Amino acid sequence: MSKRTIYSFVAIVIIIAMIRFFENNHEGSDDFSKQIKISLREVGNQLLLSNGDSTSLILPIKKLNNSQYELSFESHLLFSPDSLVTIVKRTLERSELSENYLVEVVQCSDKEVAYSYQMNIETEKTIIPCLSRVLPQRCYTLQFQFLDQKEGWFARFPITLYVLIFIVFLILEFVLRKTKPKKKEEEKNYTSLGSFHFYPEQNKLIKEATEIALSKKECELLELFVAHPNQILKRDELTKKIWEDNGVFVGRSLDTYISKLRKKLKEDPSIKIVNIHGVGYKLEILNS
């Protein structure tokens, strides 16, 4: 199985997981919301009955955000905090929804909080003040915030899903480019020279993991030697092809570049550039 196939498979799995997480997040949130609305309607019913009211309407439950809901009534209410706490606690326990919540009684006229309390599964965090002080009869709304129901990241920002999918594709594309195998032409675009690989087009030698940079003239000179292994190349022929055809030949440039090449090839004793006195130079490859 190729690397590209493996990475493509991984990408598909990640994207499917993200989509499933996104769907489950919404499904879970929707189910919780439906159950909460049923339970809060029952809370409203019990509060109206405690006021001797069996006919006025409970207005539609409003979802303010993923964890906060509002219960409102057609008629005015009169109730004590004690009865409110008892009714809410009994109803939510029966529904098995949450034991961590905050309740606020808000006056319709000025939106001020007339009464509030907090319930928590950890008793020391439960705060229920002023149980015996009856609230006067007037228009109220009840706001319930469920403290253990956090709004999901994807629920708040659906575009995040698409951004993450795009990022996954970018990462995989980067990895694929990094691991993309070299083209066959690139792999063969060198000449074996003893234990070296000579890349004339890239002006370099490579020995194992070591890369040795060559100047343009060094590269041209070595290319001539590699093309004529174990053959004597006359000084005049070398200087003409390397210098005179491309510019002015200065002094002992040939000897200087030969010396530089010898230093760069010295790691492989099977390769030597030998001076043929009075004639020129020869690239000796002992194992050829």
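Here the structure is a predicted model, which is why all the values come from computation and not from measurement. Starting from 1, each residue takes its place in the sequence as its number. These values consider heavy atoms only, across backbone and side chains, with no hydrogens, waters or symmetry-generated copies.
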Please list every donor-acceptor pair under 3.5 Å in which a side-chain atom of residues 55-62 meets a protein atom from a residue at least two apart or in another chain.
{"unit_1": "S56", "atom_1": "OG", "unit_2": "D53", "atom_2": "OD1", "d": "3.1"}
{"unit_1": "S56", "atom_1": "OG", "unit_2": "D53", "atom_2": "OD2", "d": "2.3"}
{"unit_1": "S56", "atom_1": "OG", "unit_2": "S75", "atom_2": "OG", "d": "3.1"}

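One finds the NZ atom of K272 at 13.0 Å from the CD1 atom of I285 (value rounded to the nearest 0.5 Å). For the atom pair CD of Q118 and CG of L102, the computed distance is 6.0 Å after rounding to the nearest 0.5 Å. Rounding to the nearest 0.5 Å gives a distance of 8.0 Å between CG of L135 and CG of L78. Atoms CD and CG, from Q46 and N51 in turn, are 12.0 Å apart once rounded to the nearest 0.5 Å.
Listed by first then second residue, pairs satisfying ring pair (Phe, Tyr, Trp, His ring centres under 6.0 Å) with a partner in residues 34-57 number zero, not counting sequence neighbours. Evaluation of the ring pair (Phe, Tyr, Trp, His ring centres under 6.0 Å) test over residues 89-121, restricted to residues two or more places apart or in two chains, returns none. For the ring pair (Phe, Tyr, Trp, His ring centres under 6.0 Å) condition, the pairs that include at least one residue of residues 73-95, sequence neighbours left out, are F79-Y140.
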Inset, instruction - Step by step, work out the side chain to side chain contact (heavy atoms under 4.5 Å, CB included) result for N203 and E218. - result: CA-CA 8 Å; N203 292 1; E218 289 171 345; over 6 Å; no
Legend entry - Audit row: Y69, S33, side chain to side chain contact (heavy atoms under 4.5 Å, CB included) steps and yes/no: CA-CA 9 Å; Y69 297 79; S33 180; 3.4 Å; yes
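Checked by atom type and distance alone, the side chain of T239 pairs as donor or acceptor with a backbone atom of D236 at under 3.5 Å. A distance-only check finds no donor-acceptor pair linking the side chain of S95 to the backbone of L92 [under 3.5 Å]. Under the 3.5 Å distance criterion, the side-chain polar atoms of S259 are left unmatched by any main-chain donor or acceptor of D255. Within the 3.5 Å criterion, the main-chain N or O of S195 finds a donor-acceptor partner in the side chain of D268. Between the D82 side chain and the L131 main chain, no donor and acceptor come within less than 3.5 Å of each other.
V226 and L254 end up in the same hydrophobic cluster when Ile, Leu, Val, Met, Phe, Trp and Tyr side chains are linked at under 4.5 Å.
Under the salt bridge (charged side-chain N to carboxylate O under 4.0 Å, His left out) criterion, K234 pairs with no residue, sequence neighbours left out. For I38, there are no side chain to side chain contact (heavy atoms under 4.5 Å, CB included) partners two or more places apart in sequence or in a different chain. Here T126 pairs with nothing under the side chain to side chain donor-acceptor pair (under 3.5 Å) rule; sequence neighbours left out. Applying the side chain to side chain donor-acceptor pair (under 3.5 Å) rule to R262 yields no partners; only residues at least two apart in sequence or on another chain are considered. Considering only residues two or more places apart in sequence or on other chains, C130 meets the disulfide (SG to SG under 2.5 Å) condition with none of them. Evaluation of the side chain to side chain contact (heavy atoms under 4.5 Å, CB included) rule for Q35 yields L97 as partners, not counting sequence neighbours. Scored by the side chain to side chain contact (heavy atoms under 4.5 Å, CB included) test, L224 finds L233, L238, K241, I242 as partners (sequence neighbours excluded).
Aromatic ring pairs are classed by plane angle as parallel below 30°, tilted from 30° to 60° and perpendicular above 60°; the pair Y190 and Y199 is tilted.
For R133, the CZ atom is loosely surrounded, since the number of other residues' heavy atoms within 6.0 Å does not exceed 12. Residue K204 places its NZ atom among more than 12 non-hydrogen atoms of other residues, nucleotides or ligands, all under 6.0 Å distant. Counting heavy-atom neighbours within 6.0 Å of E122 CD, excluding the residue itself, gives a total above 12. Heavy-atom neighbours of K264 NZ from other residues, nucleotides or ligands within 6.0 Å: above the threshold of 12.
As a member of the Ile/Leu/Val/Met/Phe/Trp/Tyr network built from side-chain separations under 4.5 Å, I276 groups with I232, V274, V279.
The two residues E104 and S116 come nearest to each other via the heavy atoms CG-CB, 3.8 Å. Across all their heavy atoms, L77 and L47 have their closest contact at CD2-O, 4.4 Å. Minimum heavy-atom separation, R235 to Y281: NH1-OH, 3.5 Å. The minimum heavy-atom distance between F225 and K282, with the atom names listed, is CE2-N, 4.3 Å. For the pair N230 and E284, the tightest heavy-atom approach, listed with the atom from each and the gap, is OD1-CA, 3.2 Å.
If you check the side chains of S98 and N100, you find no donor sitting under 3.5 Å from an acceptor.
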